[in-house]
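Since this is a predicted model, take the numbers as computed values, not measurements. Naming convention: chains lettered A, B, ... in sequence-line order (proteins, then strands); numbering from 1 in each chain.
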Amino acid sequence: MAQTMTAGSEPQVRKAKDYRSDLDPIWCPGCGDFGVLAAVSEVFAEQQVNPDEVVIVSGIGCSSRFPGFLSCYGFHSVHGRALPVATGVALANPKLKVLVVGGDGDGLSIGAGHFPHAARRNVNLTYLLLDNEIYGLTKGQISPTTTDLSLARKALSSPHGTWEQPINPVGLALSYGASYVARAYSAQRKELTSVISRAFRHQGFSFVQVISPCTTFYNSYKTMTPRVRPIEEDHNIHDRNGALMLAYDRKHVWLGEFYRDPDRPTLTDQFEHLKQLAVGGRPATLEAVLDRYS
Amino acid sequence: MAQTMTAGSEPQVRKAKDYRSDLDPIWCPGCGDFGVLAAVSEVFAEQQVNPDEVVIVSGIGCSSRFPGFLSCYGFHSVHGRALPVATGVALANPKLKVLVVGGDGDGLSIGAGHFPHAARRNVNLTYLLLDNEIYGLTKGQISPTTTDLSLARKALSSPHGTWEQPINPVGLALSYGASYVARAYSAQRKELTSVISRAFRHQGFSFVQVISPCTTFYNSYKTMTPRVRPIEEDHNIHDRNGALMLAYDRKHVWLGEFYRDPDRPTLTDQFEHLKQLAVGGRPATLEAVLDRYS
Amino acid sequence: MSDLVVKVGGEGGSDSPTTAGEFITSTAIREGNSVFTLRTFPAEIKGGLATYQVRMSDGAVHSQGDGPDVLCCMNQESYDELFRELRPDGGVLVYDRDSVTLDDHLNGCVAYGVPLSSIAADQIKERRTKNMVLLGVVSALFGLPLETLKQCVQDKFGKRNPDAVALNHAAMEAGHAWTQDNVAKRDSFGFTSNPAMATVRRIVVDGSEAVAIGAAAAKLDVYAGYPITPASDIMHWLAQHLPRLGGTMIQTEDEISALGVVLGASFAGAKSMTATSGPGLSLMVEMLGLGVMAELPAVIVDAQRGGPSTGLPTKCENGDLNLAVYGAHGDAPKIVLAPADIHDCLHDTIGAFNLAEKYQTPVIVLTDQSMAMRTQAIERPDLGAVKLVTRKLQKKHDPHYKRYALTADGISPVLLPGSPGGPYYTITGLSHDEEGNPATNDGDLGAAMMDKRGRKIASARFESGWSRLFGPERGQLGVIGWGSLEGALHEAVERLNAAGTAIRALHLRMLSPLPVEEIEAFAASVDKLVVLELNYSGQLQRIIRAEMDLKPGLIRKYDGIPFTPGEIEAALRAEV
Amino acid sequence: MSDLVVKVGGEGGSDSPTTAGEFITSTAIREGNSVFTLRTFPAEIKGGLATYQVRMSDGAVHSQGDGPDVLCCMNQESYDELFRELRPDGGVLVYDRDSVTLDDHLNGCVAYGVPLSSIAADQIKERRTKNMVLLGVVSALFGLPLETLKQCVQDKFGKRNPDAVALNHAAMEAGHAWTQDNVAKRDSFGFTSNPAMATVRRIVVDGSEAVAIGAAAAKLDVYAGYPITPASDIMHWLAQHLPRLGGTMIQTEDEISALGVVLGASFAGAKSMTATSGPGLSLMVEMLGLGVMAELPAVIVDAQRGGPSTGLPTKCENGDLNLAVYGAHGDAPKIVLAPADIHDCLHDTIGAFNLAEKYQTPVIVLTDQSMAMRTQAIERPDLGAVKLVTRKLQKKHDPHYKRYALTADGISPVLLPGSPGGPYYTITGLSHDEEGNPATNDGDLGAAMMDKRGRKIASARFESGWSRLFGPERGQLGVIGWGSLEGALHEAVERLNAAGTAIRALHLRMLSPLPVEEIEAFAASVDKLVVLELNYSGQLQRIIRAEMDLKPGLIRKYDGIPFTPGEIEAALRAEV
Ligand SMILES: Cc1ncc(C[n+]2csc(CCOP(=O)(O)OP(=O)(O)O)c2C)c(N)n1
Ligand SMILES: Cc1ncc(C[n+]2csc(CCOP(=O)(O)OP(=O)(O)O)c2C)c(N)n1
Ligand code: SF4
Ligand code: SF4
Ligand SMILES: [Mg+2]
Ligand SMILES: [Mg+2]
């Protein structure tokens, strides 16, 4: 998708479609991921993001094909490892804005060990977990978020059903200490766009669970739509315990912003601080360090 | 530690020391893990556990040397993988009682991806996480549970301190859907023994965070003792959200039982059920299955 | 002897060429033909170009054949992409004249344009039956019995969906009638039934089903796996059937966990297995080393696809041999097998369990994408005759028992956890003494244990039945092959020998330990030696060179597509 | 030329033999000696047998030497375990007569019993100064200057803890005085200073520090690692110093994450590195394949220990070569280096970064436990003279730019993320086209990309300076070695040539790609060829056999303990 924005002759105002690459998404008709792609392009346009400075990192899955469909830099890595790779990008060049996109299998199954650590380190990135409650790319096996048993029974790997208790991604993000936590639904484009926009502006680790149904293997639009509900206005967004209770509420699937801590230092802050602290005014040199070994 | 209990001539009543092997623990003097070893032997004696039927599984770390010090079957596997291995043992032979012992690095760092899944599947095993907030065996680097910054600064890998937010193992276990969750302290042997005893009797995935200080690299006895406090009598042990609030309480480190759900079916139940269901009265044979392919 | 290769191409999806190919295949099988199929998939979940090639013969077939005799194009893309594969000397093109515009140059092929789309849309009122219309056309043109085709449709959908059956039957009949009415046959291809063969007891399975059935026949207790193309279908089969047969299948959170579960289950005495593809095998490497060190039986199936990294996930390569043989830090010898066809997929899986138990070791079984997704009719296995091996057990209580006793053959009896009275032991990935206790300060003992494991695995090279020979007693050229290319190699060797060139082939199905004595004997029977492989670096060739005093040449292919017999024939001809 | 090997053994812990050994080492270095040390560790964190061997010479030393000339036993266990190592022809035993009971048979050794424990307890009133008392004794017996010893102690503890300095000085003096008063020297060993050498600018570092310093000299930006013995010390050094030098060190949650961070950082343009040992390398295998496929520069240091599995974590083996070369499913050629001594650890790490950048590839650097934990005085690097290579960059905006352009040498210029105006691209582990877009249906393109990566790596074999030759122009025997055994090999070759046997040695530090032309030339200069390795299966020997028309023999050792020169000498003698 080598789309060029000729240097020096960029359009004055970039539109959402200017952020799309030449590559056509390989997704099935109706796939929820189209909505997310549209929302992200809109957010980029709204914030007039400079594509030079954006890196999108993903793992493997239908949703993980995301980076190639946008016109900025991207790294489509291996299954489950988007967060470590993205952490490396963020550490190497703090000027880059890092967006991570991946599936529920990618992030909560094979990648489950990285999520807590990226969150508690407050790596400066936005993580969109495109949750379709199924493994799309490998043709529909159950995933750690699969909840609807009647759908699960149709999955090739669980013809007799499953008793495994599903994971609540928002609950986990909160337990892990993510500094921004939200949930959105690809069927509600306006709210989705607004949540992603705020997540992308957040300094630190921002997490958005995007309910993004797989129309081919686990079409949950019908069952999901009546369950979702916007978080009430009076929810205190700085109260992590309150957010946890909302996440674990059994009646509704709440949509919107659960939690935000804008003040927590990011991993980048920490390392920049260390560099300052270590230098302590005078520039350190390797020669000076070697003197100790002489 | 090939300690034999001559078949047919076992002692009528097994004492705690009968459960110890000939191998001397390699732990440093004062290491918290000694207390856990003593407590487990006492629990075995109290419950008159048949050592033939016990398998202890561990990963790698000081704490993971645990299995060899007891006189029953054991599998000292690789770093971070105790839970998958233990799941295999539990699935292969549901008659075996499976105990998993490991460190905070083993279980929450490299093994962090397995914990949620063993918990939500409700694998029939007891998991003792010996939390010393440090990597003992590799000589004291910070771990995901390291909280005390002044101690962390002494660690070789964090001489300038760390800003990473520590993980709360009890909070995680609850978020993951563990059906039994408790916390104990190796300095309080009686309470420790009683908690492990109840965990070991629980059907399903029982999790105990045992605060077990490393006297060599992160001696937290002094700072920990004033912070711990037994959970109040009126705590409702069946209320998961209440347990979460207790876990995330910032004032105290609460000790005791946080949560118990004795009724949730275990992974073994599920698979035994599947076998019954699939057989549906008549024994299934491979010949009958092959008929479909003829 | 009839021998007909038909290829169908079109858009992956509901009127898919795959379904058409499958019905041609099952019809040919019922008519007593041997078949060999080859499928390709688009990267897209829906849409994109999908193809299904089937070779049918009333005699034996070993490979997919060379280019198709008959090419059926259901849309423009399939014509654009596939036409160059059609055999130039009078091949037949069948195409949907509603959607395909032909080039000017037909290269002497016979082309039949049929309004597939409009028949489906106008007569049947269901666009998605286009593939069924095509089946009717194929039936009319080449004599594939329409009744059998219809019966196959009936058997597939009948119970669940009688309406679909009626619709599909009508579409087939419409295609058949249109062809009889409008097409004058101008080619010489035809299908022949083989009634004798039709009575032999066969099962129709793909390589994934064959592996799963083999595992079930070996009395698999615990399967643990993580989905990955092209291995997932093994898991799907077991999810469906294993509980009925008393076993347990668990989908784990990743491949590390899958092999962890397998090793834990094996420790507790179960027969256990996992299946994956390259990326998963890469992740399992540390666990593999543990399995070797702790001497635990385990079967790991690797359905190879194109590498490295995510590579070519829907294509075929035999490039994971190095990782299977050398994977794990330190020296960790294990057994590596490679079935060569669908029949092997079933029987070699049984063999893998037997070797794992006998030698107390992880056994890696290398299949590949082409076998995993290829349907074939194979002899129905005689389950009563299957011989199963169980690991050497310590059954009686013996106070002097040692889990890792240093025996002459390197195999130490196992006291299973749960055995009364012990002596209890803990196994470990650390270097250990005979009882299993860590012995990390005793280097001599560590070396003795390394020797034990080494000689144990090395002795497995004398197991018989893990290779096949083709061709005359002596050859100008000897070819050593492995993996799914055997059929094409076999056919090429037959053709060359028929043409007067003496060529022998040795096809190996056990690659570690390497059967050096057998290879030596083979090498002695030929003037020149070459290894044939479906990978870039010649992985088996390198291993043979490393272990033996032989310097065979190399013929390789690494574009993700299996060898055709013609390609091998040409390459071998160039060697003599 | 003086040449003295002293070994100290005792209980690991606060009065540790390790500290004593370290002070002997630093004193010898200050006195202008060359040193070569060897340490062993108990499995226990505290307690257990620890040993420290140091060889000192006013000339050059290449290895730890054969058995010790002087053995100092601080407790009974050390005497029981180590006495058999003492050279039988007049070796010297120094022992704590308060705690060690001698056997009847001293095998002609000279034994000096000293009341180490009671001097420490009674005179110094601090039991833990026993090791310092021992230093005084050694000083008095063998002429190691007491003042320099004291100065070393002063420099180590002075700033932080003047009381400790006073106490330790007192203990040393007490030991020295007791020996002068009570011992009549009956042996001929002695230490000689080399004032000329003492003025050369040297740094005293172990292999871990050398690697870390090398990385810093190469301008490492991002280090990510997970603790593991014996690699952690690299991370510890960088944790301390890297921020001061403008870089970032992060301790990740596991090794997969560590290499993930490294590849992500590299993509963003950083020089990045991780260090691990065997189990960690096993876990990194999938990520390694991604690095190769995506063509990302990265340095992966593997401080090898005894394998397989958890194996012998505190012992030495060079057994991870197979995994380094063949690790990853599919064919994933990369560069593999192996420094042979502490000097190399520093300079070859710089070289690793240069090769990684130049060839846009992961480079694996195989060090080992013996080097990681061995202190040596090496020439202070001239940082101004260090030459650094940066990956070929696309600097100007070019609308036709392609990230994976199929160039003749296989190296495609890199446009770094952040570059204005693109052309933007996404890299992937899938088989891709020149722009980086997935191209999973195009097998020919996949093969072309495989060729590109293959020829790129293969061309690195012509890089110079990655081997060393010893011995005469022609040899009856040629030895090829790799890894930390070079010093012992060098010494053995010198001895044998001195004894009239013509032996040449080629020590390789680049193992992949294999410098085949260089090895061929070497092979042509000798009558017979043998490979010398510290592993079970002869991993380099197998690779040479696989890639070349050579059939070298094999000399190997796999008990966790490095070769001594004497062992190699004997083995080589048996070959000629
Ligand atoms: C190591 C490894 N294991 C397995 C796979 C196969 N695989 C590809 S995508 C995927 C899961 C896809 O599910 P999810 O992450 O939820 O993404 P979705 O396709 O649903 O968007 C799996 C198992 C792989 N590519 N690599
Ligand atoms: C794959 C792998 N990586 C790293 C190591 C090194 N290692 C051994 S134990 C350990 C951590 C120990 O910490 P913890 O699990 O908390 O146990 P503790 O020693 O504190 O009881 C590490 C990193 C290893 N053995 N294997
Ligand atoms: S399979 Fe499901 S998740 Fe994948 S592209 Fe299709 S609809 Fe989307
Ligand atoms: S290092 Fe710490 S955790 Fe390990 S044995 Fe010693 S005190 Fe215990
Ligand atoms: Mg998904
Ligand atoms: Mg710990």
Q: Specify whether A:F69 and A:W27 have parallel, tilted or perpendicular ring planes, treating 30° as the upper limit for parallel and 60° as the lower limit for perpendicular.
A: perpendicular
Q: Determine the interplanar angle of the A:F205 and A:F115 rings, folded into 0 to 90°, and report it as parallel if under 30°, tilted if 30 to 60°, perpendicular if over 60°.
A: tilted
Q.
Could you go through A:T147 and A:E133, starting from their C-alpha distance and side-chain angles, then the distance that decides it, and tell me whether this counts as side chain to side chain donor-acceptor pair (under 3.5 Å)?
A. CA-CA 7 Å; A:T147 43; A:E133 304 188 26; 2.7 Å; yes
Which region of [X], side chain (C-beta onward) or backbone (N, CA, C, O), has a non-hydrogen atom less than 4.5 Å from a non-hydrogen atom of chain C, or is it both or neither?
X: A:L108; result: neither
X: A:S77; result: backbone
X: A:H79; result: side chain
X: A:C31; result: neither

Q: Please look at C:T252 and chain A and tell me whether the side chain, the backbone, both or neither of the residue comes under 4.5 angstrom of a heavy atom of that chain.
A: backbone
Do [X] and [Y] have a side chain donor and acceptor closer than 3.5 Å?
X: A:Q209; Y: A:D131; answer: yes
X: C:T37; Y: C:T25; answer: no
X: A:T223; Y: A:S220; answer: no

Q: Check the pair A:H160, A:R153 against side chain to side chain donor-acceptor pair (under 3.5 Å), reporting the backbone distance first and the verdict last.
A: CA-CA 6 Å; A:H160 311 297; A:R153 278 226 176 74; over 6 Å; no
Q | Short side-chain to backbone donor-acceptor contact, C:S208 and C:A372, under 3.5 Å | A | yes
**Q.** Close contacts, residues 219-238 of chain C versus chain A, judged by heavy atoms under 4.5 Å
**A.** C:Y226, C:P227, C:I228, C:T229, C:S232, C:M235, C:H236
Q: Report the option among A:I26, A:I110, A:L137, A:V78 that has the most heavy-atom pairs separated by less than 4.5 Å from atoms of chain C.
A: A:I110
Q: State which residue, out of A:V253, A:V208, A:L129, fulfils the side-chain contact (heavy atoms from CB on, under 4.5 Å) condition with A:R183.
A: A:V253
